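One structure is given below, encoded as structure tokens.
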Amino acid sequence: MKFGGRRRVPALPHCSRLNRLQNQHRFFFASSVRRLQAKFPPRAFTSNGGNTDSQGNPFLVPGATVATILMLGALHARRMYNDKKIEEARERGIELEFQPDAKAAFLRLLPLRSISRLWGTLTSVELPVWLRPHVYKGWARAFHANLEESALPLEQYASLQEFFVRTLKEGSRPIDPDPQCLVSPVDGTILRFGELKGVRPMIDQVKGFSYSVSSLLGASSFLPLIAEGNVHEESSEEEKAMTEKSKRTWWRISLASPKVQDPVSVSPIKGLFYCVIYLRPGDYHRVHSPVDWNVLIRRHFSGHLFPLNERATRTIRNLYVENERVVLEGRWQGGFMAIAAIGATNVGSIKLLIEPELRTNLPIRKLMHSEQPEERVYEPEGIGMMLKKGNEVAAFNMGSTVVLVFQAPVPKSPNENPSSPEFSFCVKSGDRIHVGEALGRWHEL
């Protein structure tokens, strides 16, 4: 099909007026958020998640408190409705499929980055001491958070933001000591997992739609891939069908893949796995190291801040690829390791505990497809930052999603020594998991 002969259609007058109106609205909203941020500067992020010196004003109830309480009620009602619909579908054995709708298109018109900065400003406002337990208990009831695990008394969390990133009591998340075990970096729900196979490796976002691993991690990722011509094993019929199904997705240009991908077909080396874990708003929001490894590079992608809930994954294309995210890459004893911490609406702030100076969800004029991710190579080059299994790495506000992509031991060929170790997952889709619990193990056969 030829596209060179298309005739350029002049823009309609009312379309240009609509665009000007949208730009004026975005500018007004962003400027309002900046004024609020100047009036209520955010509190410092602390490693223990609280502020033991804060006394608060016992008489002042800021307007942010009223807005927070109303927000809690609305979020609770919406969560109950969504959970009921999803549970009914699962009871009937229905696997939800990708199906774009008008609401997904409407989300692209909203200034979600500015809304998220406003939410961050509101949640950083210091609450009166007497009110804090009531607000935090209300949040815990709405989102099933376990307050008994909190490291500090509720009165010592000066703001909702400090409460969101709170630490837990010592021993609340024991780390599996098995050296042949990869543990969960977060508390959450297992959405997808498996081994990356076939040409142009893809991860299922939901049934009926997949996204490119290279787009998620970035064009400069050192993801271990080999040219199709060097692959001696033929792909199965199922893999070929999946490749054809996702071919259109691979060529889609998005924020995280500003360059058109290399047309040479590539495949992952054997033993490359992935796991997608969703953090609900009531979950523990800190990210820990899944193994002993060396973090060599950090890559920050500025992007959208679409929600990451069940409905969003079914209706928004390239959701994880288009959203703002921070990717850490490095090496462990099994080979390649990458953790992608993905932001969402009201979760634009991703805090790296190993790099406190990193700032995310900054105001930008326009999201351009050609914008490159901002990278930092950790010193000393080639060694980077050494993390032990269970070390704290990052923190989210509210819920979000973490994607692991990693190599693990597998037999290289059927003729290999039968005693070679082989990795296998020990979780199922839909399982609830906590930091430190085993995601998978490898054993001597």
Side-chain angles (χ1 to χ4, degrees), residues 45 47 175 179 182-183 185-186 196 201 203 212-227 230 255-262 264 266-275 286-303 320-321 323-343 349-362 364 368 370-396 402-409 423:
F45 180 82
S47 59
I175 307 300
L182 182 144
V183 302
V186 293
L196 295 169
I203 297 177
S212 162
V213 179
S214 297
S215 294
L216 176 73
L217 302 181
S220 59
S221 169
F222 47 89
L223 186 71
L225 302 173
I226 53 178
N230 296 329
L255 279 169
S257 53
K259 300 177 180 178
V260 175
Q261 299 293 337
D262 190 343
V264 175
V266 292
S267 300
I269 66 172
K270 193 172 182 180
L272 192 61
F273 299 88
Y274 72 91
C275 184
R286 298 203 173 204
V287 184
H288 294 248
S289 175
V291 290
D292 296 346
W293 65 307
N294 291 50
V295 185
L296 302 178
I297 188 170
R298 183 265 301 153
R299 203 172 291 117
H300 171 222
F301 298 81
S302 294
Y320 300 135
V321 171
N323 269 19
E324 181 159 7
R325 62 198 181 280
V326 174
V327 175
L328 297 177
E329 284 190 0
R331 296 191 63 82
W332 69 300
Q333 67 175 24
F336 176 80
M337 169 67 68
I339 300 179
I342 304 172
S349 179
I350 303 171
K351 303 290 186 181
L352 272 189
L353 302 179
I354 61 175
E355 188 183 341
E357 61 272 20
L358 176 66
R359 295 291 180 267
T360 60
N361 192 19
L362 297 175
I364 53 179
M368 299 295 294
S370 60
E371 184 177 353
Q372 297 290 336
E374 187 256 324
E375 294 186 350
R376 174 179 174 182
V377 177
Y378 292 122
E379 299 292 340
E381 190 169 351
I383 298 177
M385 292 189 177
M386 299 180 65
L387 294 177
K388 293 292 185 181
K389 183 196 292 186
N391 285 167
E392 289 186 4
V393 179
F396 290 114
V402 164
V403 181
L404 283 177
V405 180
F406 59 94
Q407 281 181 270
F423 175 85

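Quick caveat, the model's predicted, so the values are computed rather than measured.
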List the residues meeting ring pair (Phe, Tyr, Trp, His ring centres under 6.0 Å) with Y378, not counting sequence neighbours, and say none if there are none.
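If we apply the ring pair (Phe, Tyr, Trp, His ring centres under 6.0 Å) test to Y378, skipping adjacent residues, there are no hits.
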Hits for ring pair (Phe, Tyr, Trp, His ring centres under 6.0 Å) against Y274, two or more places apart or cross-chain, chain-then-number order -> none
All side chain to side chain donor-acceptor pair (under 3.5 Å) counterparts of E357, not counting sequence neighbours: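 Listed in chain order: R376.
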- Results of side chain to side chain donor-acceptor pair (under 3.5 Å) for E374 - residues two or more places apart only: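 Per chain and number, E374 pairs via side chain to side chain donor-acceptor pair (under 3.5 Å) with R298.
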### Query
Is R299 reaching over with its side chain to a backbone N or O of L217, donor-acceptor style, under 3.5 angstrom?
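Here the side-chain-to-backbone pair exists.
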Tell me if the aromatic rings of F273 and F423 count as close, with their centers under 6.0 Å from one another. yes
#### Entry: Residue of the set V287, L358, T360 for which side-chain contact (heavy atoms from CB on, under 4.5 Å) holds with L352
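It is L358, the one option of V287, L358, T360 that forms the side-chain contact (heavy atoms from CB on, under 4.5 Å) with L352.
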Requested in this report: Quick one: list whatever passes salt bridge (Lys or Arg N to Asp or Glu O under 4.0 Å) with E381, sequence neighbours left out.
Outcome: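 Counting only residues at least two positions away or on another chain, E381 forms no salt bridge (Lys or Arg N to Asp or Glu O under 4.0 Å).
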Those residues at least two apart in sequence (or on a different chain) that pass salt bridge (Lys or Arg N to Asp or Glu O under 4.0 Å) with R331 are none
To the nearest 0.5 angstrom, please state how far the [atom1] atom of [X] sits from the [atom2] atom of [Y].
X    : Y    : atom1 : atom2 : value
L196 : L223 : CG    : CG    : 7.5 Å
W332 : D292 : CH2   : CG    : 9.5 Å
Y320 : S215 : OH    : OG    : 15.5 Å

Exercise. Does the side chain of H300 come under 3.5 Å of the side chain of E375 through a donor N or O and an acceptor N or O?
Worked result: no
Item to complete: Report the C-alpha separation of I339 and W293 in whole Å, then their side-chain angles, then the decisive distance to 0.1 Å, and conclude whether the side-chain contact (heavy atoms from CB on, under 4.5 Å) test is met.
Response: CA-CA 12 Å; I339 300 179; W293 65 307; 3.8 Å; yes
- Task: Taking the side chain as every heavy atom from C-beta outward, state whether L216 and R325 have any atom pair closer than 4.5 Å.
- Result: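 Yes; the side chains approach each other to less than 4.5 Å.
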